[in-house]
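Counting convention: from 1, in listed order, for ligands and their atoms alike.
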Amino acid sequence: MSRTWHVLGVGSLGALWACRLDRAGVPVQLLLRNTARLQAYHDAGGLRLIEGDQTRVHCLPATTANSDEPITRLLLACKAYDAQAAITRIADRLAPGAEVILLQNGMGSQQAVARMLPQARCLYASTTEGAYRASDFQTVFAGQGLTWLGDADPGRAEAPVALLADLVQAGIAHQWTDDIESRLWRKLALNCAINPLTVLHGCRNGALADHPDEVAALCAELAKLLRACGQTAAADGLHEEVQRVIQATAANYSSMYQDVDQGRRTEVDYLLGYACTAALDHQCEVPGLQRLQARLTKALHKP
Ligand code: NAP
């Protein structure tokens, strides 16, 4: 019998994981923010996962984060800026050796959460899957992809075999890596090279092909920063990959563009903000990234 997966953060990705695990017969328990959200979940009659023209309803058990049942496996699937507050609510329910998967984008929040949970085994994740909420508790699986997983402690090499077996059973495409930090840095760099410019130019990813010099200069600085942080593998071929992503996702709006467009808070502090702070820490000069951050901050705070 598999351990129960507790899912904290029942939004786009949290629901996508919960429904696929449930479909495979893996026990899942949802943790909602408060009694109002729990009531809204019951009123909705469960989670709905929409894949192509199929909609499936998953009536999963749910409680608020305040209940006191011990947790041995947790998926934390809220936004980076909510991660620490969310985990604080349930930290004392985590059993010694509990596995905690951190799905947040960017960097900084995962490391902060891992520091808060010395009794747990924290795993970082970086995914290329895509999902969005059609409405409350209704998730659309918008893009197939792959989720990289690795231990927060790079010295701990052995893979969590039972957890990965559940992912296989649930059909969640994944790959275990001994160097998840490198994956996180690479994704952060891709995000920093593309997302802020799509906001500032008000465009889809593909339109960045009209600004090749700006993109090239950012990639050069990001690669320099990655090398200064000891992330050589993440730096290699960055510009070429950014160009490939711009081309392959030409018709898409970046997640940051969508957040700004829909008046939602962005995760910029965990992307460009994290990069600029890391540059200061490593005394690595990145004037272009700093100018980009200043322009973006001004644009985001425009009344
Ligand atoms: P989302 O749809 O906004 O869902 C976040 C969920 O977290 C919401 O349901 C929210 O609850 C919940 N939450 C926040 N604070 C909470 C708390 N204290 N207690 C309980 N629940 C709490 O976000 P998402 O798109 O799934 O993204 C999650 C992370 O994955 C982000 O870092 C994102 O960048 C990353 N990511 C997402 C995708 C994607 O395609 N969606 C792809 C790659 C990476 P309420 O519903 O009550 O507000």
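Near Leu8, the atoms of ligand 1 lying under 4.0 angstrom from a non-hydrogen atom of the residue are 19 (N), 20 (C). Each of the atoms 9 (O) of ligand 1 lies under 4.0 Å from some heavy atom of Val10. Interface of Arg37 with ligand 1, defined as ligand atoms under 4.0 Å from a residue heavy atom, comprises 45 (P), 46 (O), 47 (O). Short contacts between ligand 1 and Asp82, defined as distances under 4.0 Å to a heavy atom of the residue, involve ligand atoms 14 (C), 15 (N). Near Gly130, meaning under 4.0 Å from any of its heavy atoms, are these atoms of ligand 1: 40 (O). The atoms of ligand 1 that sit less than 4.0 Å from any heavy atom of Ala86 are 17 (C), 18 (N).
Counting protein heavy atoms only, atom 23 (O) of ligand 1 is closest to Lys79 CE, 3.3 Å. Of all protein heavy atoms, the one lying nearest to atom 29 (C) of ligand 1 is Cys78 O, 3.5 Å. Atom 1 (P) of ligand 1 has Arg133 NH2, 3.8 Å as its closest protein atom, hydrogens excluded (heavy atom only). Scanning all protein heavy atoms for the shortest distance to atom 32 (O) of ligand 1 gives Glu267 OE2, 2.7 Å. Among protein heavy atoms, atom 12 (C) of ligand 1 sits closest to Gly9 CA, 3.6 Å. The protein atom (non-hydrogen) at minimum distance from atom 42 (C) of ligand 1 is Glu129 O, 3.3 Å. For atom 22 (C) of ligand 1, the closest non-hydrogen atom of the protein is Arg33 NH2, 4.0 Å. For atom 43 (C) of ligand 1, the nearest protein heavy atom (residue, atom name, distance) is Thr127 CG2, 3.6 Å.
At a heavy-atom distance under 4.0 Å, atoms from both the backbone and the side chain of Asn105 approach ligand 1. No part of Asp136 comes within 4.0 Å of ligand 1, judged by heavy-atom distances.
Side-chain contact check for Asp166 and Ser2: at least one donor-acceptor pair (N or O, by modelled atom type) lies under 3.5 Å. With no hydrogens or angles considered, a side-chain donor-acceptor pair links Arg56 and Gln54 at under 3.5 Å. At a cut-off of 3.5 Å, with distance as the only test, no side-chain donor of Thr266 or Asp259 sits close to an acceptor on the other residue.
For Lys224 (side chain) and Cys219 (main-chain N/O), no donor-acceptor pair under 3.5 Å exists by modelled atom type. No donor-acceptor pair closer than 3.5 Å links the side chain of Tyr132 to the backbone N or O of Phe141. Judged by distance alone, the side chain of Arg48 and the main-chain N or O of Gln138 form no donor-acceptor pair under 3.5 Å. The main-chain N or O of Thr64 is never found under 3.5 Å from a side-chain atom of Arg89 such that the two would form a donor-acceptor pair.
With atom 30 (O) of ligand 1 as the reference point, the heavy atom nearest to it among Leu103, Leu32, Leu271, Thr147 is part of Leu103. Looking at Leu76, Val7, Leu13 and measuring to atom 37 (C) of ligand 1, the nearest heavy atom belongs to Leu13.
Of the polar atoms of Gly11, at least one N or O is found under 3.5 Å from an N or O of ligand 1, judged by distance alone. At least one N or O atom of Ala131, backbone or side chain, sits closer than 3.5 Å to an N or O atom of ligand 1. Of the polar atoms of Gln104, none of the N or O atoms is found under 3.5 Å from an N or O of ligand 1, judged by distance alone.
At least one heavy atom of Ala77 sits less than 4.0 Å from an atom of ligand 1.
A cation-pi arrangement, defined by a distance under 6.0 Å to the six-membered ring centre and an angle within 45 degrees of its axis, is absent between Arg204 and Tyr257.
The aromatic rings of Trp5 and Trp17 sit tilted relative to each other, their planes meeting at an angle between 30° and 60°.
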